[in-house]
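A quick write-up on the structure given underneath.
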Amino acid sequence: LTLPPQLKTLNLAGCEFPPEKIPMNSLIKLKNLEWLSLEGNSFTGVLPATELAALKKLTYLDLSRNDLVGPLPIGLCNLATIQELHLEGNTIGGVLPNCGAGKLPKLKSLHLQENQLVGPLPVGLCNLASTEEMFFGSNMIGDPIPTCAVGKLTKLRLLDLSNNQLEAPLPTGLCNLANIQELYLTGNTIGGQIPDCVGSLKSLKSLNLDYNKLTGTLPTSLCNLANIESMVLRENDIGGAIPNCGVGQLSKLKFLYLADNYLAGTLPTGLCNLNSIEEMDLDRNDIGGAFPDCSAGSLQSLRRLYAMDNELVGPLPSSLCNLASIEEMLLVGNEIGGSIPDCGAGSLPKLSFFGLDHNQLTGNLPSGLCNLGEEHKNTHFDLSYNQLTGNIVDCFGGRKVFLALNNNDFQGPIPVGLQGLSFLSVACNSQMTGTVPTEICDGSGQVFLGDTDSIECGSATCCTSPWPCD
């Protein structure tokens with residue numbers, strides 16, 4: 001490469017250089033170089049740290065998405081002016097060099113994810129006084145996580161150790177990261193309990209501990225995370241009850257993912273206090289009891305509520321009709337009994353998926369069912385595999401909804417007013433009679449009957465009866 005020596009910025013990203021070592025003979029002449037990107041090429045070999053350290057003004061270095069190998073040389077510690085270092089997406093192996101105190105004094109952002117690094121991480125990382133972000137995800141880093149003393153890494157706001165080979169319980173030393181905002185430990189096999197001191201991380205916004213082997217119970221101290229926005233703990237072995245946080249606690253929490261654990265007890269009334277919550281996933285636990293009856297004005301930001309495959313019982317509270325922002329409500333596979341709440345006009349206007357199948361619901365379909373999801377138009381209603389009775393309501397007014405009512409105890413004929421539906425299953429309702437109205441086929445929908453039903457397709461061309469009722 002022939003380059004002007006006064007160059008300050010050099011961007012050669014994605015230039016498709018042939019597989020060869022980084023051309024340091026040319027780059028080392030650029031004494032004024034501050035910003036260098038060689039990202040997305042095919043450069044090979046070990047990081048030329050000694051030569052790069054000679055570039056005394058270099059603050060930004062991006063060598064990501066190449067074919068560099070490891071281990072990283074100790075000379076990496078001598079990049080005295082570097083502020084942002086990108087080495088992600090290579091095949092760098094070995095352990096990280098253990099830099100001493102005073103090394104990499106200006107480093108703010110370190111990107112080493114998607115390599116082949118092994119562990120443990122060196123304790124020298126605790127000396128990076130200016131570092132704000134550390135990305136080590138998708139490597140083979142093992143235990144232990146370094147325990148940095150109080151007063152170390154005071155500027156660190158993001159630590160990513162996801163998808164590595166960490167197994168030991170979380171060290172309480174993590175609680176010394178006083179200004180941490182984002183903590184990612186997803187996809188390891190970390191065991192033990194969540195340390196109670198995690199609740200002291202007042203700046204924490206995102207806690208991601210999913211897909212591990214965590215045990216014990218959720219500490220009540222989690223209620224003290226005043227700035228938390230996302231709490232992701234799914235796919236662990238956590239048991240016990242969900243903590244009952246008080247009014248004003250977790251006021252900024254938007255995303256709560258607790259699916260695929262062993263949580264038990266009942267849903268705490270404190271869930272009603274989560275005024276910023278947008279998504280709540282409690283699927284596949286052992287939670288019982290009824291839904292808390294939240295007051296009007298609660299949970300107004302909630303868009304997705306998932307509590308499938310638990311042990312919830314009914315009846316469903318009428319306050320569910322007040323969830324003005326709800327888009328998906330999936331309560332499939334519980335033991336919810338009683339009748340479906342009869343919501344008034346304008347209720348749940350954004351609802352796109354309403355799943356109550358495989359429960360123990362009884363009574364007639366409420367006429368208010370047709371009020372739900374009026375803004376969405378194509379709402380998916382699955383009420384199959386319950387004990388619902390009476391006639392099917394005739395009130396959808398031509399909306400192209402998906403309506404699954406199979407395996408209940410409905411009676412009478414299919415009403416003509418259901419024309420326009422995109423899908424209708426009334427299979428395995430043995431007391432339904434008559435034939436499918438031909439008008440229903442005008443909306444290019446499909447109608448499914450059971451193989452032993454009394455009701456017949458007649459001349460309705462959109463009707464089939466393959467559904468086995470045995």
Side-chain angles (χ1 to χ4, degrees), residues 1-118 121-122 124-125 127-139 155-158 160:
L1 295 174
T2 302
L3 301 166
Q6 70 275 19
L7 204 63
K8 292 185 177 181
T9 299
L10 180 58
N11 187 352
L12 297 175
C15 289
E16 300 182 359
F17 285 97
E20 60 185 18
K21 293 184 177 181
I22 296 171
M24 288 309 302
N25 288 338
S26 299
L27 296 176
I28 203 169
K29 300 174 183 177
L30 305 177
K31 301 301 182 183
N32 294 306
L33 192 63
E34 299 174 3
W35 198 98
L36 173 61
S37 176
L38 301 177
E39 180 263 334
N41 286 287
S42 301
F43 290 117
T44 61
V46 176
L47 181 76
T50 301
E51 293 88 343
L52 288 168
L55 299 174
K56 300 297 185 181
K57 296 184 179 181
L58 191 64
T59 61
Y60 179 96
L61 176 60
D62 188 349
L63 301 176
S64 63
R65 315 295 172 198
N66 280 284
D67 295 316
L68 298 175
V69 297
L72 290 171
I74 190 65
L76 175 72
C77 303
N78 297 324
L79 300 180
T81 58
I82 205 74
Q83 296 180 19
E84 190 165 342
L85 179 60
H86 289 265
L87 296 172
E88 68 267 25
N90 284 282
T91 54
I92 299 170
V95 297
L96 283 175
N98 192 19
C99 300
K103 297 293 185 179
L104 300 173
K106 297 184 178 181
L107 184 64
K108 294 182 178 180
S109 185
L110 176 61
H111 297 254
L112 285 166
Q113 66 269 32
E114 299 174 32
N115 278 286
Q116 298 176 13
L117 295 169
V118 297
L121 292 173
L125 289 176
N127 297 320
L128 299 179
S130 299
T131 303
E132 300 173 4
E133 302 176 321
M134 293 184 188
F135 296 89
F136 299 115
S138 300
N139 279 283
K155 295 185 178 180
L156 189 66
R157 58 178 180 80
L158 185 151
D160 180 6

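This structure is a prediction, so every number in the text was calculated from the model and none was measured.
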Would you name the heavy atoms of Pro48 and Ile22 that are closest together and state the gap between them? CD-CD1, 4.0 Å

Separation of Leu63 CG from Glu88 CD (nearest 0.5 Å): 9.5 Å

Please list all pairs passing the ring pair (Phe, Tyr, Trp, His ring centres under 6.0 Å) test where one or both residues lie in residues 23-47, with sequence neighbours left out. Phe17-Phe43, Trp35-Tyr60

Between Leu72 and Leu112, is there a side-chain heavy-atom distance shorter than 4.5 Å? yes

Would the distance check show the side chain of Asn32 and the main-chain N or O of Leu7 forming a donor-acceptor pair, the cut-off being under 3.5 Å? no

Cationic N near anionic O, under 4.0 Å, Lys108 to Glu133: no

Run through Leu55, Leu38, Ile82 and flag the one making a side chain to side chain contact (heavy atoms under 4.5 Å, CB included) with Leu61. Ile82

Distance from Leu79 atom CG to Leu85 atom CG, nearest 0.5 Å? 7.0 Å

Any idea which heavy atoms bring Gln116 and Asn139 closest together, and the distance? N-OD1, 3.2 Å

Are the side chain of Asn127 and the backbone of Lys103 linked by a donor-acceptor contact shorter than 3.5 Å? no

Could you tell me which non-hydrogen atom of Asn66 sits nearest to which non-hydrogen atom of Asn41, and how far apart they are? OD1-C, 2.9 Å

With salt bridge (charged side-chain N to carboxylate O under 4.0 Å, His left out) as the rule and sequence neighbours excluded, what pairs involving residues 9-32 come up? none

Tell me whether Ser130 contacts the main-chain N or O of Pro105 through its side chain, where contact means a donor paired with an acceptor under 3.5 Å. yes

Is the side chain of Ser138 donor-acceptor paired with the backbone N or O of Asn115 at a distance under 3.5 Å, no angle test? no

Donor-acceptor contact present, side-chain Asn98 to main-chain Gly124, <3.5 Å: yes

As an exercise, state the distance from CG of Leu3 to CG of Leu12, rounded to the nearest 0.5 Å. 7.0 Å

State, to 0.1 Å, how close Pro73 and Leu47 come at their nearest heavy-atom pair, and which atoms those are. CG-O, 3.5 Å

Any donor-acceptor N/O pair, Asp62 side chain to Ser64 backbone, under 3.5 Å: yes

So, the side chain of Asn78 versus the backbone of Leu76: is there a donor-acceptor pair under 3.5 Å, distance only? no

Would you say the side-chain atoms of Thr81 pair up with the backbone N or O of Leu58, donor to acceptor, closer than 3.5 Å? yes

Spacing of CD belonging to Glu39 relative to SG belonging to Cys15, to within rounding of 0.5 Å: 10.0 Å

Can you find a heavy atom in the side chain of Val69 that is under 4.5 Å from one in the side chain of Val46? yes

Can any side-chain N or O of Asn90 pair as donor or acceptor with the backbone N or O of Gly70 at less than 3.5 Å? no

Rounded to the nearest 0.5 angstrom, the CZ-CG distance for Phe136 and Leu121 is 5.5 Å

After noting the C-alpha distance and the side-chain angles of Arg65 and His86, does the key distance pass the side chain to side chain contact (heavy atoms under 4.5 Å, CB included) rule? CA-CA 9 Å; Arg65 315 295 172 198; His86 289 265; over 6 Å; no

Is the side chain of Asn11 donor-acceptor paired with the backbone N or O of Ala13 at a distance under 3.5 Å, no angle test? yes

Sub-4.5 Å side-chain heavy-atom contact between Thr59 and Lys106: no

Do Glu84 and Ser109 have a side chain donor and acceptor closer than 3.5 Å? no

